[in-house]
Every structure is written in C-alpha cells, then in structure tokens.
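Data first, discussion second: the structure below is written as structure tokens.
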Amino acid sequence: MKKRKDDMVRVRFAPSPTGNLHIGGVRTALFNYLFARSHKGAFLLRIEDTDLERSKTAYTEHILESLKWLDITIDEPVVFQSCRQSLYEHYFVILKKKGVVYPCFCTVDDLQQEREEARKQGVPYCYSGRCRELPSVEVEQKLQACQSHTYRFFNEKNGTVKWQDRVHGIISFDTSRLDDFIIRRSDGSFTYNYCVVIDDLDMEITHVIRGDDHISNTPRQILLFQSLSEEPPAYAHVPMILGPDRKRLSKRHGACGLLNFKKEGYLKEALVNFCALMGWSWDDKTTIFSRQELIDTFTLDKISSSPAVFDKDKLNWLNRYYLRSLSLSQIMQALAPFLREEQQMEKISHDILLELVKISRERVTTLKELAETIGKICRGPSCYEEKAVRKCRKKFLRPGLLPGLIAFLNNLKEWSLPSFEEKLREWAQQNDYKFVAVAQVLRLALTGSLVSPPIIECAVFLGRDTVLSRLSHLEQYLRSSGDYEG
RNA sequence: GUCCCCAUCGUCUAGGGGUUAGGACACCGGCCUUUCACGCCGGCAACAGGGGUUCGAAUCCCCUUGGGGACGCCA
C-alpha cells in the first residue's frame, strides 16, 4: 500500500465525456475544488472514458474548457481511464489470486432472459450467479476453448456494508441485495465500478465527493476496496440538482452545457457563487461569496442533504450583482467578445466605451445585453418604437420643444458633463418645459425608445454632431408621419 | 416493483427540543428619480399528513404520502 500522509487531502472530479458538462457537474467539480483548496490539498481531474462507444473527445474538451473558464484549476495532469489498462490488469491479477472474481460465461442474451423473467415475476433483478459455482474442470474447459466470458466479483452476500457518509450520515446496504457485478467485460476492458476503485486507490484519493446518484454504487466499491485489503476513501454524496419540474436536470431544461451560460453572457463569478449556493450555505444571511471566501468557509458538513431546484432568477440576480460590482477592467475583459459581435463600433473610442459601460451595466442582466445596449446607443435608432412615439406626442412634445432643443444644443458652448445638464435644465425652465419631457424627447431621438441608460450622459458621449443629426431625423420623421407642427 | 436517499415560504436556504420560525431570489406596495434600472423602506409567503417520546416537537422515533436516485458486458 502506498504511503498516504494523513492530513493530505486529495480529491478528484471524475466526469465521463459522454455529454456536455452541466450545472450539476460544475457544482460537483466546484465542491471538490473548494474542499481541496480549503484543506491545502490537491484537486485532480479524471476523465472516465472507459465506454469507448459513447466517449467523445469533444466532450472532454468541453469539460476542460468549462473548468478553465471558471478558474477551477487542477493540480496534476488529467488522468484518462482509457490509458490505464495495465494498472487495472495489475490489480485484477491480485483479485484473481484472492479468489474474489470468477469467470462468467453467460451471454448477453442469457442475462436478458433472466432480466425478463424477473420482471415477469415482479421481483427485482439480480444476477442468478449460475456461473459462480461452476465446477473448476468445466471452467477450465471453457477457458481452454476460448469461450467468451466476463469476470464477476464474488459477493459473499452475508452481511451489510455501511459507511459514514459526510453529508447523509450512516448509510447501509444489505449485501444480499447486491449481485455479482461484472468487473471485466468479455472484450477484456474493465467496468466503471472497478476502475473507480483502482483509480481512487492509485491516485490516493482521500475523499470522494460526487453526486447522490452514486450512492447505490458505493457498496460495490467498498466491497472491492475490502477485497484488496484497502481502506475506502471518505464519501460525501451531494444531492442532485433538479429542473423546475423537479426532475433531474437535463437537456429539456435548456442551457444544458455550461458553456452556454458563457455564451449568453454570464460572468464566471456569478456562476461560481450560484453553484456554491446550490446545496451549500454558510449561515442564515450571506449570499455573496468571493472565491476566497468560499475557500475559507466551505465545509462538507454544511452541504444540504436534500436536492435543489435550479433557479434561473437567482442566477440572473447574481449576474446583475456582479455586473455592477466587479471592477471596470474585469467587466471590459469579459465584455470584449460580446462587443465584437456588435456592428459599427469602430468609431467609438475606448474612453467613451468605458463611460457607456459604466452607465449601462446597472440596467442589464448579461454581458450580451450590455453589449447590445451599448451597440444600440452607438448606432442610433434604426426605427422608433411606436408606443414611444405615441407617448411622446401625447405627453412630452409640447409646441416648439423639438426645434427649440435643436437650436439650443446647436448654440450650446460647453459640451461636457456637469454643465450640459445644468444648461439644459435652465433652458427647459426658461421655456416652461418639464425636464422629463425634454429628456424623453431627447431619449426618443437618440435611442428610438423611452427606456435607456441616462440620456444626458449618452448625449454628451455621443457628441454634438451625432445628437443634432438624430434630433433632426426625429423631426423629419414626425413631420412625415402625422400631424406635427414643430 | 425492490433497495437507497430526501421533505421549512413559489425557489435557494438558516434553524437539530422552548424562536414573533431568520435571510436571499421572485412577486406586490412606497421612497428616490430625466426613462428604465440600482439603492433604501415595507408587505405577501413555509415547518407535507398522521401517530408516538416529552412539561414542551419544525427539531427525536415510527407510519403514510409525495419527490428523487439506483437496479446494464453505461458511467
């Protein structure tokens, strides 16, 4: 047995590359990562790709990219199960020597039949164990004849397996319920339950933090550890994340792949904070956690034992929170790819862009929306919202307001921030216009809408020429589309 | 069906024998205000049901119900 430092924590995240990493997987990865960091231990990644049929390298890349995006960093090279056949082989020989595995010559069809039989009788299916007590002469014969066979674990079926789960407490299973599961397939490859045990042993994993759906695999794995005379790791089974319909999270719930959240414009800070709060909490008040705070406060015993429903509203709220709390440079960096999607942004200077981000980021939910909002302001209205025009005509477009505004702005000497608003307010008051009316007409002209970031700021950043041309354009439009007298 | 896990506002949760059952999201009011947001203040809203144990149960035990998971030569 390899020597293991008692206080050294080693955990792993072990996804199978048979699909995109989703929120639930990320949460599991995060919990492992936080646990490792908070114990100054190691966080490892193992790709469980023993199913050659369904495993795809594209999924592996997706997993790697997802973790990288969230800065969930791993401490050792990625382990691929598909590359460890000889290791599995090595331990298999040991198990064979100990007499805890036996060859099974049942065919897939045989087993299928057993299964159907069980279903008919309404009893739970359990492999009959008919190859378990084959006379050794017969076994020898069949092996000599190269008859296709798997290897099964010889389960004593005479007791209980129990463990102290770090989130559920004691869980115990009656071994008589467990059948002799296959550990080696007829093609010589090894199955999940076996590989997990060998890898966890070899990688010196101290704590297995994984989804609740693995609880029923755990007794088999513990049995395997016991047959190798090894101590199983500590287990912490975290509850599943469910969709709003309380069903297990899947494609049906949309945004299945984590990278979709990135594409939609969510910040990694929000996503990490959000994932941490699904099934874990620190106290009765705190909801905002920085990465460091998570590391400092995370413990397994504060993981909830009941499943959580994915709540997009809360994610949105967190994203809005981080959108306005992160430093401007962090936002600019995350925003850059989204800005590139926007047309006609070339002429906007970096400084103005910064200002626009500053005033816009408080009113959007995602980076994508932020980029769109800024893009719209820069490009100007492609059309005017009908409702906005109607409301303006009815409430704000007092006679002379628009031409007066144009003339005023045309002659305005100082086109800069505090003075622009002061002068505009003065002008409005002198002419007996409500300031809100002036602002809304300006807003309609500049954005085509009555909802936008602060319009005074926008006007100043956009510059005199752009503002005047958009105002005249609105005037033309009003003339050509209804009774308008200026 | 069998085994395993779970059960506090609509959602995430705190609370683990004595609490006006706390917070957050969402929702609804109000204030602020150039619109929309932000922010602030306030409101609505929960211990699944039934039995025990106890002076006292959201909390401990049992049953019921409901939800989830697992029952593969998938992981």
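Proteins get letters first, then strands, A, B, ... in listed order; numbering begins at 1 in each.
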So what does A/Cys104 hit on the nucleic acid, given a heavy-atom distance under 4.0 Å: a base, only sugar-phosphate, or nothing?
nothing
Kindly label the base of B/rC38 as syn or anti, based on whether its glycosidic torsion lies within 90° of 0.
syn
Side chains of A/Val441 and A/Lys395 in contact at under 4.5 Å (non-hydrogen atoms):
no
Does the structure place the NZ or CZ of A/Arg184 under 6.0 Å from the centre of the six-membered ring of A/Phe92, at an angle of no more than 45° from the ring's axis?
yes
Round to the nearest Å and state the distance from A/Tyr192 atom OH to B/rC74 atom C1'.
10 Å
Taking only the side-chain nitrogens and oxygens of A/Arg54, find out if one of them lies under 4.0 Å from OP1 or OP2 of B/rG72.
no
Does any nucleotide pair with B/rG16 by Watson-Crick or G-U wobble geometry, both distances under 3.5 Å, and what is it?
none
Would you kindly compare A/Val108 and A/Leu315 by the position of their nearest RNA chain B nucleotide and give the one closer to the 5′ end?
A/Leu315
Do the side chains of A/Ser16 and A/Tyr192 get nearer than 4.5 Å, heavy atoms only?
no
Hey, what do you get for CH2 (A/Trp163) to CD1 (A/Ile222), rounding to the nearest 0.5 Å?
5.5 Å
Looking only at side-chain atoms of A/Leu242, point me to the closest of B/rG68, B/rA24, B/rU13.
B/rG68
Partner of A/Arg210 under side-chain hydrogen bond (donor to acceptor under 3.5 Å, both in side chains), picked from A/Asn32, A/Thr218, A/Thr28, is A/Thr218
Enter the distance from A/Leu300:CG to A/Phe35:CZ here, rounded to the nearest 0.5 Å.
4.5 Å
Could you state the atom-to-atom distance from CZ of A/Arg220 to C1' of B/rC74 in whole Å?
13 Å
Work out how far the P atom of B/rC25 is from that of B/rA37, and round it to whole angstrom.
16 Å
Of all pairs that satisfy ring-ring contact (aromatic ring centres under 6.0 Å, His included), the ones with a partner from residues 430-462 of chain A, not counting sequence neighbours:
A/Trp427-A/Tyr433
Between A/Phe310, A/Tyr322, A/Tyr321, A/Trp280, which is the residue that forms a ring pair (Phe, Tyr, Trp, His ring centres under 6.0 Å) with A/Phe274?
A/Phe310
Listed partners of A/Arg27 passing side-chain hydrogen bond (donor to acceptor under 3.5 Å, both in side chains), at least two apart
none
Roughly how far apart are A/Leu323 CG and A/Tyr266 OH, rounded to 0.5 Å?
11.0 Å
Can you tell me, in whole Å, how much space there is between the C1' of B/rU35 and that of B/rA46?
38 Å
Pick the P atom in B/rA7 and in B/rC62, then give their distance to the nearest Å.
14 Å
Nearest-angstrom distance, P atom, B/rA21 to B/rC3:
39 Å
Look at the side chain of A/Lys285 and decide which nucleotide, out of B/rG69, B/rG22, B/rA75, has an atom nearest to it.
B/rG22
Protein-nucleotides 41-46 of chain B N/O pairs under 3.5 Å:
none

Could you tell me whether A/Ser281 contacts a base, only the sugar-phosphate backbone, or nothing, with contacts defined as non-hydrogen atoms closer than 4.0 Å?
sugar-phosphate
Presence of A/Arg248 side-chain N/O under 4.0 Å of B/rA70 phosphate oxygens OP1/OP2
yes
If a protein heavy atom is under 4.0 Å from the base, mark B; if only from the sugar-phosphate, S; if neither, -; do that for nucleotides 1-10 of chain B going 5' to 3'.
BSSSSSS---
Check this for me: does the side-chain of A/Lys314 come within 3.5 Å of the base of B/rA26 through a donor and an acceptor?
no
Partner of B/rC36 under the Watson-Crick or G-U wobble criteria, both distances under 3.5 Å, comes out as none
Treat primed atoms plus P, OP1 and OP2 as sugar-phosphate and everything else as base, then score nucleotides 32-40 of chain B 5' to 3': B for base contact with protein heavy atoms under 4.0 Å, S for sugar-phosphate contact only, - for none.
--BBBBSS-
Rounded P spacing from B/rA14 to B/rU59 in Å:
16 Å
Taking only the side-chain nitrogens and oxygens of A/Lys247, find out if one of them lies under 4.0 Å from OP1 or OP2 of B/rG68.
yes
Are any of the side-chain heavy atoms of A/Leu87 and A/Asp199 separated by less than 4.5 Å?
yes
For A/Leu201 and A/Tyr91, what are the C-alpha separation, side-chain angles and deciding distance, and is it a side-chain contact (heavy atoms from CB on, under 4.5 Å)?
CA-CA 10 Å; A/Leu201 196 57; A/Tyr91 281 96; 3.7 Å; yes
Just call it for A/Thr286: base, sugar-phosphate, or nothing, with non-hydrogen atoms closer than 4.0 Å on any strand.
nothing
Could you work out, with side chain to side chain contact (heavy atoms under 4.5 Å, CB included) as the rule, every residue matching A/Arg464, not counting sequence neighbours?
A/Leu412, A/Trp415, A/Leu468
Rounded off to whole Å, could you give me the CZ-to-C1' distance for the A/Arg46 and B/rA75 pair?
11 Å
Could you please name the partner base of B/rC27, counting Watson-Crick and G-U wobble pairs only when both distances are under 3.5 Å?
B/rG43
Applying the Watson-Crick and G-U wobble criteria at under 3.5 Å, what pairs with B/rC71? Answer none if nothing qualifies.
B/rG1
Between A/Asp199 (CG) and B/rA75 (C1'), how many Å, whole number?
13 Å
A/Asn193 CG to B/rA70 P, straight-line distance once rounded to whole Å
13 Å
Would you classify A/Gly279 as touching base, sugar-phosphate or nothing, given that sugar-phosphate means primed atoms plus P, OP1 and OP2, and contacts are heavy atoms under 4.0 Å?
sugar-phosphate
Do the side chain of A/Asn217 and the base of B/rA70 come within less than 3.5 angstrom through a donor-acceptor pair of N or O atoms?
no
Pick the P atom in B/rG18 and in B/rC61, then give their distance to the nearest Å.
16 Å
Whole-Å distance between B/rG69 C1' and A/Ile241 CD1?
15 Å
Rounded P spacing from B/rA58 to B/rU8 in Å
15 Å
May I have the distance from A/Asp165 (atom CG) to B/rG69 (atom C1'), rounded to whole angstrom?
14 Å
Is any side-chain heavy atom of A/Thr447 less than 4.5 Å from a side-chain heavy atom of A/Ile455?
yes
Candidate pair A/Glu372 and A/Lys376, rule salt bridge (charged side-chain N to carboxylate O under 4.0 Å, His left out), full reasoning
CA-CA 6 Å; A/Glu372 284 166 2; A/Lys376 265 189 212 160; over 6 Å; no
Just how far, in rounded Å, is P of B/rG72 from CD of A/Gln113?
16 Å
Taking atom P in both B/rU11 and B/rC47, what distance in whole Å separates the two?
12 Å
